[in-house]
Trainee: 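Here it is: the structure, laid out below.
Whatever order the structure lists them in is the order used to number ligands and atoms, beginning at 1. Just so you know, residue 1 is the first one in the sequence shown, and it goes up from there.
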Amino acid sequence: MTSKITAPRGTRDLLPEDAPAWELAEAVARDLSRRYAFERIEIPLFERVELFARGLGESSDAVEKEMFRVSGAAGSEEERAEWALRPEPTAGIVRAFIEHGMHVRPGPLRVTMIGPMFRYDRPQAGRYRQFSQWDVEVIGDPGPAVDAELIELAHRFYATVGLTDAVAHVNSIGDAKCRPGYRQALIDYFGQHLDRLTEDSRRRLEVNPLRVLDDKQLVPELADGAPKSADHLCDECRAHFRAVLDILDALKVRYVVDHRLVRGLDYYTRTTFEFVIAGREGQQQALGGGGRYDGLAELLGGRPTPGIGFGIGLDRTVLAMEEQDVTLPPGAPLVAVVGTGDDQPDRLAVAGRLREAGLRVRPDGSGRKLGKQLEAAAKAGAGWAVIVGDELGDGMVGLKDLATGEQETVALDEVPPRISG
Ligand code: AMP
């Protein structure tokens with residue numbers, strides 16, 4: 001026997017049984033995007049490696065360790081891997097903003113997308129090489145109101161999909177003015193405790209000391225005693241952070257200030273946030289996160305433009321919905337169309353009429369006995385069977401309630417109101 005081909009490591013197939021939770025999460029994301037006045041944007045799945053190296057920072061995990069590189073066809077100019085599958089969408093969206101001269105539009109630009117991201121990470125539960133994100137970005141708004149608006153939006157998303165205990169962790173990591181002082185404070189502090197840092201952290205301390213706080217294996221006492229970015233903010237950044245928190249209070253959004261929340265990507269400035277399930281901090285990876293990136297457009301060759309956005313991990317959201325047994329809205333009733341003998345054309349014609357009326361219809365195309373067809377319909381989850389027979393000539397069909405077994409003869413036109421009503 002030839003060997004079986006399996007899915008690549010770290011990828012998942014979305015199977016029909018998982019679809020309702022995904023569909024709910026995506027529908028809520030789309031509906032909220034519309035109600036919060038975000039417009040759709042799409043960018044390529046792959047971009048130049050350099051975009052991510054510049055945008056996310058050479059020292060970020062996403063660039064340093066997790067870049068999923070792609071190359072062109074053998075013999076082509078791009079045979080060497082010059083592109084990478086996008087690890088996140090912000091760099092690509094800001095690239096598009098600059099490339100299309102979108103700064104001349106009446107701003108701020110509010111855009112959204114849902115799609116797959118790729119990180120060549122070690123796969124584990126909740127961590128995949130291909131995963132899906134709902135992303136929103138606001139480009140051209142310095143905040144602070146929009147910072148709170150996005151945190152409130154993410155919060156509303158989780159509550160609407162049934163994750164009422166998702167809580168926002170927020171922090172401010174300052175800007176180009178005050179971050180250098182904070183970096184130095186971290187270097188001084190962790191420099192005295194080098195022997196208690198992991199090798200990874202010792203390296204991070206040299207290239208990007210904020211990221212030491214990101215190290216999941218950081219000794220808790222060491223983390224607790226570390227300098228807090230909120231204590232090192234310049235006046236402008238402190239006022240900005242205070243304003244964000246005040247608005248969140250006014251909007252009654254549940255949040256905690258988390259001094260360790262520095263986020264993995266270099267481009268963040270000021271506000272950073274992540275969502276986790278309350279009481280499961282530390283054990284569980286974040287459900288989503290985001291932050292402000294006021295320096296990114298300039299880094300990518302555009303004019304200085306403030307920006308802020310978030311990416312919500314849909315895989316982890318759906319996993320959490322399943323773990324918490326979130327009740328999903330019932331699907332539309334399923335109707336089977338069955339018949340006797342060689343009446344498949346009639347069955348398909350009847351199915352067509354019912355579909356025109358908006359019903360969800362699954363015709364049985366087999367020549368099996370009627371009893372077998374009804375059995376199969378019930379197994380497939382149909383609540384109703386429409387039975388096509390000789391009376392179709394008079395516009396009549398059999399309508400069987402598969403739950404009770406009751407059956408009657410009704411006009412075909414009567415079926416949709418009977419089932420939907
Ligand atoms: P990040 O930009 O790393 O903060 O990612 C934003 C969100 O995407 C995270 O909070 C996760 O929910 C999700 N995410 C990030 N990486 C992965 C991954 N490897 N597998 C599944 N979800 C992920």
Trainee: Can you find an N or O of A286 that's nearer than 3.5 Å to an N or O of ligand 1?
Mentor: yes

Trainee: Can Y293 and E137 be counted as having a side-chain donor-acceptor contact under 3.5 angstrom?
Mentor: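 Side-chain D/A pair, Y293 to E137: present.
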
Trainee: Given Q130, R119, E274, identify the one with the heavy atom nearest to atom 3 (O) of ligand 1.
Mentor: R119

Trainee: Answer with yes or no whether the side chains of D165 and Y158 bring together a donor and an acceptor at under 3.5 Å.
Mentor: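 No donor-acceptor contact under 3.5 Å links the two side chains.
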
Trainee: Measure from the side-chain N and O atoms of S33 to the backbone N and O of A29, and report whether any donor-acceptor pair falls under 3.5 Å.
Mentor: yes

Trainee: Should you measure from each heavy atom of G288, which atoms of ligand 1 turn up under 4.0 Å away?
Mentor: 10 (O), 12 (O)

Trainee: So for L287, does at least one of its heavy atoms come nearer than 4.0 angstrom to any atom of ligand 1?
Mentor: yes

Trainee: For ligand 1, is there an atom lying under 4.0 Å from some heavy atom of Q133?
Mentor: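 Flag set, Q133 near ligand 1.
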
Trainee: Can you name the atoms of ligand 1, numbered from 1 with element, that are less than 4.0 Å from a heavy atom of G311?
Mentor: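 In order of number, 6 (C), 7 (C).
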
Trainee: For E88, is at least one N or O under 3.5 Å away from an N or O on ligand 1?
Mentor: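 No, no N or O pair falls under 3.5 Å.
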
Trainee: Going by the order shown, which atoms of ligand 1 are within less than 4.0 Å of some heavy atom of Y128?
Mentor: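 Within the 4.0 Å cut-off of Y128, ligand 1 contributes 18 (C), 19 (N), 20 (N), 21 (C).
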
Trainee: Could you tell me, atom by atom, which parts of ligand 1 come under 4.0 Å of a heavy atom of R127?
Mentor: 18 (C), 19 (N), 20 (N)

Trainee: Does a donor on one side chain sit under 3.5 Å from an acceptor on the other, for R156 and Y36?
Mentor: yes

Trainee: With a heavy-atom distance limit of 4.0 Å, tell me whether R316 approaches ligand 1 through its side chain, its backbone, both, or neither.
Mentor: side chain

Trainee: Just checking, any donor-acceptor pair under 3.5 angstrom between side chains of T198 and D215?
Mentor: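 Indeed, the side chains of T198 and D215 share at least one donor-acceptor pair under 3.5 Å.
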
Trainee: Verify, without hydrogens or angle tests, whether T11 (side chain) and P8 (backbone) share a donor-acceptor contact under 3.5 angstrom.
Mentor: yes

Trainee: Quick one: does NZ or CZ of R86 land under 6.0 Å from the six-membered ring centre of F52, within 45 degrees of the ring axis?
Mentor: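 No, a cation-pi geometry is absent between R86 and F52.
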
Trainee: Under 3.5 Å, is there a donor on one side chain and an acceptor on the other for D224 and H259?
Mentor: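 D224 vs H259: no donor-acceptor pair found between side chains.
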
Trainee: Mark up the atoms of ligand 1 that fall under 4.0 Å of a heavy atom belonging to G126, in ascending order.
Mentor: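 Result: 20 (N), 21 (C), 22 (N).
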
